[in-house]
Every structure is written in structure tokens, then in C-alpha cells.
There are 2 protein chains.
Amino acid sequence: MRAALLPMAFDDGVFPAGCPSRTLLDHVTSKWGVLLLIALSEGEQRWSDLRRRAEGISEKMLAQTLKTLERDGLVSRKAQPVIPPRVDYSLTDRGYELSALLVPLAAWAFDHAEEIINGAVPAK
Amino acid sequence: MRAALLPMAFDDGVFPAGCPSRTLLDHVTSKWGVLLLIALSEGEQRWSDLRRRAEGISEKMLAQTLKTLERDGLVSRKAQPVIPPRVDYSLTDRGYELSALLVPLAAWAFDHAEEIINGAVPAK
DNA sequence: CGGGATCCCTGCGGATACTG
DNA sequence: CAGTATCCGCAGGGATCCCG
């Protein structure tokens, strides 16, 4: 029941404070990071599309989060020097790899959300 | 390449602001939530164990995060009325379900952390 | 040992305004 | 349209003390 689920050496993995994996995990599991990565898993999208899909995000956080994800090599940005400007965002290969792990998570959250949040927790 | 990865109706899923799935996802992907859930996936552990494994966590955040996870029915708390007190935390069935999704994520972060964080991003 | 209660501060993130 | 820049509030979270 509590099999060795964890790739061992995990104690030297995500858990030590200040290790790179913590930082990356924080980027990726950030409030808006998850949402944007999932949205982008459906394919290339424009700034305004993302702004609409990640309902409630501010422009500041959208820019900031996309930049972080881009620096992490998860998102690629293609700007076209036209007027009006057009910028497309998409996942890199590595980003797709990651989103494949994120999507089930979001699906799980979606499935269990109501029964869990509305105190109807079956206990045990 | 950009197949229908998402269970559709996802637009009415995680994305709408204020929906329960957002809340649950936030709990579960919170800075310390992820770490605690992963730590607990290795089996029952005591307060002090968890405090040590989630390096850097404050007592306040440990208590607070555990409470949230308990309210969400993901973690179960067993207190023994002895002196000195002994309290054991473990995952519920639903918690195990979730950790099965979280562990690969952490493993992925661990694997890609260094190459990503140290600007050595191979681009494209 | 396993917390609860307080105080306090910083930095996340929202709102607004401006630009190419 | 797709951002950047700036200001600023407030609550997330750390530190400390205490208690059963």
C-alpha cells in the first residue's frame, strides 16, 4: 500500500531548501503557471487568448508568468513585427512533456472539486 | 502533436475564476502542499518528521497546510493522547490517488532542474 | 512534542496609465 | 494588440512566545 513510489534519492531531490528543483517546481505549480501550461497544451495561442482562458489573470501576471516559463524553456514565444502586433505562444517539447503530467492533475482536481470543497468529505 | 489531450469541457473546468477546481488546485499545488503530499506518499509520518523533510517550512505553515489538506480529505490525522503527544499523518485513499499524479511531476522537476535553472536552456 | 496565538513585515500581485 | 512601468495595498507567511 505504501510501496516505493518515489524514485529514491528523493531526499536529496525536491526536499532540500534552495535546491534548483524547488525553484522549478514553484514556477510550474504557481497559481497561473499551471493554468497557462494546461491552456497551451491545446496548442499555440495568442496573448489575448491566454488572457481570456486564464480567467482572472492580470496583464502583469500574464507577462511575468509567461516570461518565467519561457526562461525555463517550457514556452516559446513567436512575435511577428506587424501592425497591430501579433504574438503566439506555444509549448516547447519539454513543455509538452510537462503538460502531459499537469493535465491529469487538473482533471483530477476538476473531478473531485465539488465533493471536496463543499465540506462533503466522506472522511476516513 | 497537439492532440486532444484535454478532457473536453475543460473550459468550464479549471479555467473559470472562482470555481471549486481552482481552489482545490491551489491547495494541492501550493508551495508546501506539494512537498507534504509527496513526503506522505512514502507512508505515515509524524509532525516532526514532516517538519524536517519539508526543509525550510515554518511551524505555522506546516500546521496550516496540513489542516487544509485534512479538510480536503487528502490527509488523515491520528493524535494519541499520550505525554509527550504523538500525532501521525498519513494520506487518505484519495490522497494516494493524488500523490500518484504529483510524484511524477516532482521527479520530472528533479530531472530537469539543473539544466533548466542554470540558464543552460537548449532553446527551441 | 505538537501545536495555538500574536506581532510584524515583505513581496506578490492588482489597478492604472502609457507606448510601439 | 501586446506589452512595459509605476504605485501601492494587503494578506501570506516568518519569528517568537506560550500552553497542554
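Here is how names work: the chains are called A, B, and so on, in the same order as the sequence lines, proteins then strands, and each is numbered from 1.
In this structure, CZ of A:Arg77 is placed 10 Å from P of D:dA2, rounded to the nearest angstrom. Atom CD of A:Gln45 is separated from atom P of D:dA2 by 12 Å (rounded to the nearest Å). Atom CG in B:Asp88 sits about 14 Å away from atom P in C:dC1, given to the nearest Å. Per the geometry, CZ belonging to A:Arg86 stands 12 Å off P belonging to D:dC1, to the nearest Å. Regarding B:Leu62, its CG atom lies at a distance of 9 Å from the C1' atom of C:dG2, rounded to whole Å. Per the geometry, OH belonging to B:Tyr89 stands 15 Å off P belonging to C:dC1, to the nearest Å.
B:Thr92 contributes a side-chain N or O that, together with a main-chain N or O of B:Gly73, makes up a donor-acceptor pair within less than 3.5 Å.
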Worksheet item: If the sugar-phosphate is the primed atoms plus P, OP1 and OP2 and the base is the rest, what is the B/S/- string for nucleotides 13-20 of chain C, using protein heavy atoms under 4.0 Å?
Response: BBB----B
Worksheet item: Can you list the steps and then say if B:Leu35 with A:Arg22 is a side-chain contact (heavy atoms from CB on, under 4.5 Å)?
Response: CA-CA 9 Å; B:Leu35 257 44; A:Arg22 281 268 193 108; 3.1 Å; yes
Item to complete: Output, in order, the C-alpha distance, side-chain angles, deciding distance and verdict of side-chain contact (heavy atoms from CB on, under 4.5 Å) for A:Leu102 and A:Ser41.
Response: CA-CA 10 Å; A:Leu102 248 28; A:Ser41 77; over 6 Å; no
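Between B:Glu44 and B:Lys78 there is a salt bridge, since at least one side-chain N of the basic residue sits less than 4.0 Å from a carboxylate O of the acidic one. Taking 4.0 Å as the cut-off between side-chain N and carboxylate O, A:Arg53 and A:Glu42 count as a salt-bridged pair.
Here B:Arg46 does not reach the OP1 or OP2 of C:dC1: none of its side-chain N or O atoms lies under 4.0 Å away. Between B:Lys67 and C:dG4 there is a side-chain polar atom (N or O) within less than 4.0 angstrom of OP1 or OP2.
Atoms CH2 and CG, from A:Trp108 and B:Leu24 in turn, are 5.0 Å apart once rounded to the nearest 0.5 Å.
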